[in-house]
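Counting starts at 1 for both ligands and their atoms, in listed order. Starting from 1, each residue takes its place in the sequence as its number.
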Amino acid sequence: MTTFVDRVELHVAAGNGGHGCASVHREKFKPLGGPDGGNGGRGGDVILVVDQAITTLLDYHHSPHRKATNGQPGAGDNRSGKDGQDLVLTVPDGTVVLDKDGNVLADLVGQGTTFVAGQGGRGGLGNAALSSARRKAPGFALLGEPGEARDIVLELKTVADVALVGYPSAGKSSLISVLSAAKPKIADYPFTTLVPNLGVVTAGSTVYTIADVPGLIPGASQGRGLGLEFLRHVERCSVLVHVLDTATLESDRDPVTDLDIIEEELRQYGGLEDRPRIVVLNKVDIPDGQDLAEMIRPDLEDRGYQVFEVSAVARMGLKELSFALAGIVGEARAAKPQEEATRIVIRPKAVDDAGFTVVYDEAEEVYRVRGEKPERWVRQTDFNNDEAVGYLADRLNRLGVEDRLMKAGARAGDGVAIGSLENAVVFDWEPSMMAGAEMLGRRGEDHRLEAPRPAAQRRRDRDAERDDAQREYDEFDPF
Ligand SMILES: Nc1nc2c(ncn2[C@@H]2O[C@H](COP(=O)(O)OP(=O)(O)OP(=O)(O)O)[C@@H](O)[C@H]2O)c(=O)[nH]1
Ligand SMILES: [Mg+2]
């Protein structure tokens, strides 16, 4: 079975952000200098760009997994990690991007039109960037965020001035091969053409594109044959050419009936009523074909069609046809508002960047916090590092998460989930956890509650504590 390559599923993954680095500057006689851990680099984006030189999605059919490079981690001595490289994927003009539920994300028309299919993860801040007056030597850094990974569907809707429509074997591919430099496959069996061929025709001073669309059969609009796949390509063409076979050997067919059937399919597909149409009677090099063409021409002209008798094989009548098409294309272009040459498609953000919500989730028995910031902060947190967790608590607190939890009725010990159902980090809520970074790691060590110690003991304890801290710094490895 032949596979269609004008519709592909693509799995894109943007690069992950590099982790920030926690490092302490070291100099002789100055064992604990300032924090000097650099920031992680940004992950590369996955970007789709229209390149009109490309006509199929074949490449993506063969290798549907595409990943941009990751950002590099930061390093000591304030060295930032390198940004990941964007992955630029070229697609044909007229590529429609859908999510896996079939929602259109972008419609890429025009050379250079760009769509960011996957956003690279932010790099994590290093401890140098995290230091402040209050937090002079942070012993932690932020993690890089994972790059956006998603499944998308690319669908090609050919963009051309003219579409050739007709039964299989009517000679559409033959016609495009003699009107333009395109070299499609031509054969005497139906459905030779499986993906549209594009050709460029020059007639006088007019240059236009022509698409050889795969053959249509009755029921195509209901998906018979490879119907819908084909009709999709007709949608974006401004002029339709009925290619009729005047020399078919099938006894139950004749050109006028063929035309009626194709018109009925176009009507049922819908949306094509306004396209100007002309009729091409092909294969008039065959005597019977010539006779038939002459016989039906008046009928077709009565219906208002401009009719051309041609032979793709014997190259008859081609010049008149191509100049007539140039004229109709010219009119169609003049009637259409000129689109901007390049469009950049920007995806709307799903979540309000500033806000967050707190809702009690009955099923999971947790208070669920949703919001772009809290969720990002969670992703950036190294949960093996108390200080990092404290910093997270601090950030959440300042955003007002604790207040809102309290208002929503949360009590100490209740579950709090930050993020979506599949993707949440769950805490046992302890209001003190939210009280600030300073509290963390010191919990249960309130000095006011300790029994008084002799001076020598206090000194020994202090030294031990300092040595511990030093060792922690030395051994610190956030990842
Ligand atoms: N005698 C004659 N044969 C032709 C002419 N044009 C096409 N043919 C023949 O008709 C057959 C089908 O031609 P194609 O160009 O492949 O037809 P198509 O419309 O592209 O067919 P599908 O791709 O299957 O839809 C081939 O054997 C061609 O050689 C013509 O003008 N005269
Ligand atoms: Mg063909």
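- Taking every non-hydrogen atom of Ile286 and a distance limit under 4.0 Å, the qualifying atoms of ligand 1 come out as 1 (N).
- Considering each of Ala187, Gly171, Pro168, the one bringing a non-hydrogen atom nearest atom 17 (O) of ligand 1 is Gly171.
- If you look at Asn282 next to ligand 1, the close heavy atoms, those under 4.0 Å, all belong to the side chain.
- Atoms of ligand 1 lying under 4.0 Å from at least one heavy atom of Ser311, given by number and element, are 31 (O).
- Closest to atom 31 (O) of ligand 1, if we only count protein heavy atoms, is Ala312 N, 2.9 Å.
- With a cut-off of 2.8 Å, the protein N/O/S atoms near the Mg ion (ligand 2) add up to 2.
- Of the protein's non-hydrogen atoms, Asp188 CB, 3.4 Å is the one closest to atom 27 (O) of ligand 1.
- Note that Arg253 lies in the cation-pi zone of Tyr167, set by a 6.0 Å cut-off to the ring centre and a 45° limit from the axis.
- Between Arg236 and Asp107 there is a salt bridge, since a side-chain N of the basic residue sits under 4.0 Å from a carboxylate O of the acidic one.
- Per-residue contacts place Tyr189 under 4.0 angstrom from the following atoms of ligand 1 (heavy atoms of the residue considered): 24 (O).
- The nearest protein atom to atom 29 (O) of ligand 1, hydrogens excluded, is given as Ile186 CG2, 4.0 Å; this is a heavy-atom distance.
- Taking 4.0 Å as the cut-off, Gly166 does not count as a neighbour of ligand 1 on heavy-atom distance.
- Judged by a 6.0 Å distance limit and a 45° cone about the ring axis, Arg404 is positioned over the six-membered ring of Phe356.
- Less than 4.0 angstrom separates some heavy atom of Ser174 from each of these atoms of ligand 1: 6 (N), 7 (C), 13 (O), 14 (P), 15 (O), 28 (C).
- Of the protein's non-hydrogen atoms, the one nearest atom 32 (N) of ligand 1 is Asp285 OD1, 2.8 Å.
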